[in-house]
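First up is the structure itself, then whatever we jot down about it.
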Amino acid sequence: MVRKIITLLFIILLVNIGYSQTKKWRDNKFSMFIHFGLYSELGGVWNGEKIEKGYSEQIQSHGGIFSNWYAGVADKFNPVKWDSDKVVDLAIEAGMKSIVFTSKHHDGFCMYDSKHTDFNIVDATPYHKDIMYDLSQACHKKGIGFGVYFSLIDWHFPQAYPISSHNADFITAEHHQYNLKQVREIMTNYGEISEIWFDMGALSPSQSKELYALVKSLQPNCMISGRLGNDMGDFCVMGDNEYPNYKIGQAWQTAASFFDETWGYRSWQKRGSVEGKFNEKINSLVNVVSRGGNYLLNIGPKGDGSVVEFEKNVLNKMGEWLHKYGEAIYGCEANPLDHNLDWGNITCKGNNLYVFINDVEQKVLIPNIYGHIKSVSSLNTGNTVDYKENKKGIYLSTDSKKENKILKIEFLNGFDIKHNVSSKSLFTSYNSTPVYSYSSMDYYTGFRSIIAYQWMFKTNKKRINPYLYYTDNEKGRVIRFSIDDRYKDIKLEGGRKLKNATYKGLDFGKVFISSPIVSSFGNSKFTDIPSVDSLYNYCEFTPQQDFKYGNKYSRKAGDREFFYIQQKITSRRSQNLFVEVGGGNGIQVILNGKTLLMRTTERGQEYSKEVVELPLKKGNNELLIKIYNRYEKNICYSYNPFITNNTYRLDAGTFELNRNKYHRINLKAKDTATKNSEIRLGNLKIYL
Ligand code: H79
């Protein structure tokens, strides 16, 4: 018994450490990325020629440079102008809370004293010093976080996969061991590491797991990037220079370079005005923070170790801005609304809302937020600003004055959100407000996942007794079902089996299959598809003469290749139809332009099935199914609209309600592989 209690306390402690570390990391908001390595010496030029293809830190690959020639660059790499203290001061003045430094990029060159290769700055260059150690000391001394970037692919290690066009290579057993050894020395010799930014490669789940465990065993507080793969990081990372246009309910980050074209120094980069770049990067920071994320902005020092003047100037301006407006960034949470605003962005903290207005000539309405306002003022001047409150929300009067671009709304007692309040008693995924995350198995297999459904309803009742409707597809799943701040964990089993619906007046068109496309799974061009017409530029659709419903087909597929199955379904009335979809490493089901399901699987899972309920409207409906392959040799698929999928009604028991009139339902899954995995509960319904 005592041992049980001790174990329990230990688990609680661990969970709390994880939680507070995540919170601490999230509060950083703004950090510095540094891409510095042998490539900095080349500055995007090889043999006097500009290498315009690809990023300059990958010049070895895009410039087609032989590995012995590239390694020769080390002979002249002597960054004597590097000054760790000055770099740290620059970060601090810019308002950045930590630094992430390239310990090793894809070229395999170590910017630290690695004992496992002599291809490192101490042994292979005239500089002879451990520059990373120097920087780590400066960070620790000045009290900002020190983090490392670590490339999971390595173009110098003989037992690794050779250079590919995509950098999402498998990691051989020998290479994995080498990575483990290097990560161990980095985690051991440089004091506290705030985060490790793994990048690229396509690891097996067990490789990701092993690296994760190693880091945590040596540095329990170190945050791990989602680029570790298999959705196993502590925070999600968008694609390079990618900004989501949705809010994310988990810790996440956009890493950005000054120019999308490169991270490493590029001597011939056209830079434009400091003012223009400053505006762009501040807008990006506000965008990211208002969606709940952190912004990691990169500098690419020159080969001699000096920081590019342009980058320094922009960072200084950002620092000035943050000095003035930091209140609206640091410690703030995302826009509390579940939708974007076309006039700008919001962040919030305690009793305050911070409002960023793009164009002060516009009318500004903050919809669906209600509370007792104490004051509205300009963060720039401190002067008060007029406002009006009514049924729709809060109207702000900026008087078209530039100094009113950033406003603070202070409430007396917090604020309420009333949005999408349902007057119906049946709650479905279609009338829900989804909570999003970013799920990623590897760089190219990331997508906006749904991790919870929420609904708001209004009642004067003190308690209610909801029913859940689940189907064979969800049988055995475990959910966390909450109303207000009370929750129950419920296993979807038992209950009363309902009579199956009979479908009437359905007419199925021919099944079409598209030619393959190679792209990332989450690329919005191929995920937000209003209709099949928008795909005609990218692929051809061929009618399938004798497509067999429910048959498991198999075809050869290349890496990151996908295709669509398409069908028109005409319905004489609006009715719901269950269809079964089988697919490879990624499936997306879209009906009439709305995504009903998106999900990925681990490597090695060639085929798995899922039943999706289609809410058909009266008249013509268009069904599109995307089948995506990660790295299998074959891709399997099936489609069947003629199945039986029984529905069960389950009593969820009694819920006491808060005294408030408005209530929030939250539905999460307790049994998904990771905290970012798609919930896969789109067929579940709640009846109040
Ligand atoms: O370190 C930086 C990059 O070198 C590294 N990640 C950031 C932080 C990275 N390595 N590979 N990738 C990112 C995959 C990137 C693929 C693409 Fe592209 C970027 C495809 C299109 C843009 C690189 C540039 C390949 C073609 C152009």
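Note that ligands are numbered from 1 as they come in the structure, with each ligand's atoms numbered from 1 the same way.
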Does the protein place any heavy atom closer than 4.0 Å to atom 18 (Fe) of ligand 1?
no
Exercise. With a 4.0 Å cut-off on heavy atoms, does Tyr39 reach ligand 1?
Worked result: no
Q: Report the relative orientation of the aromatic rings in Phe77 and Phe109; use parallel for angles under 30°, tilted for 30 to 60°, perpendicular for over 60°.
A: perpendicular
Could you tell me whether Tyr443 and ligand 1 have an N or O pair separated by under 3.5 Å?
no
Ligand 1 to Arg227, heavy atom cutoff 4.0 Å, flagged ligand atoms 6 (N)
the protein heavy atom lying closest to atom 16 (C) of ligand 1 turns out to be Tyr444 OH, 3.7 Å
min-distance protein heavy atom vs atom 22 (C) of ligand 1 -> Tyr55 OH, 4.0 Å
Checklist entry - Within the distance-only criterion (no hydrogens, no angle test), does the side chain of Trp197 pair as donor or acceptor with the backbone N or O of Gly226 below 3.5 angstrom? => result no
Does the plane of the ring in Tyr243 sit parallel, tilted or perpendicular to the ring in Tyr295? Use 30° and 60° as the thresholds. tilted
Q | Protein non-hydrogen atom found under 4.0 Å from atom 26 (C) of ligand 1 | A | no
So the atoms of ligand 1 within less than 4.0 Å of a heavy atom of Asp199 turn out to be 1 (O), 5 (C), 6 (N), 7 (C), 8 (C), 9 (C)
Counting from 1 in the order shown, the ligand 1 atoms closer than 4.0 Å to a non-hydrogen atom of Glu57 are 1 (O), 2 (C), 3 (C), 4 (O)
Flag, side chain of Arg560 to backbone of His166, donor-acceptor distance under 3.5 Å
no
Note to self: Please check this pair: side chain of Ser440 against backbone of Tyr443, looking for a donor-acceptor N/O pair closer than 3.5 Å.
What the structure shows: no
Assign the ring pair Phe66 / Trp69 to parallel, tilted or perpendicular, where the plane angle (0 to 90°) is split at 30° and 60°.
perpendicular
Exactly one of Asp234, Asp199, Asp442 clears salt bridge (Lys or Arg N to Asp or Glu O under 4.0 Å) with Arg227, and that residue is Asp199
* Thinking salt bridges, do Asp83 and Lys81 make one under a 4.0 Å N-O criterion? -> no
of all protein heavy atoms, closest to atom 11 (N) of ligand 1 is Asn167 ND2, 2.9 Å
Close approach, Glu261 and ligand 1, non-hydrogen under 4.0 angstrom: no
- Test item: protein heavy atom less than 4.0 Å from atom 9 (C) of ligand 1: yes
ask   = N/O to N/O below 3.5 Å, does that happen between His105 and ligand 1?
value = yes
Specify whether Tyr564 and Phe562 have parallel, tilted or perpendicular ring planes, treating 30° as the upper limit for parallel and 60° as the lower limit for perpendicular. perpendicular
Short version for Lys53: what comes under 4.0 Å of ligand 1, heavy atoms counted, is neither
Flag this pair as yes if the NZ/CZ of Lys270 is under 6.0 angstrom from the six-membered ring centre of Phe259 and inside a 45 degree cone about the axis; otherwise no. no
re atom 7 (C) of ligand 1, the protein heavy-atom contact at minimum distance is Asp240 OD2, 3.1 Å
Under 4.0 Å from one or more heavy atoms of Tyr149, ligand 1 contributes atoms 1 (O)
Nearest non-hydrogen protein atom to atom 14 (C) of ligand 1, with distance, is Met200 CE, 3.5 Å
Original post:
Within the distance-only criterion (no hydrogens, no angle test), does the side chain of Asn28 pair as donor or acceptor with the backbone N or O of Phe30 below 3.5 angstrom?
Top reply: no
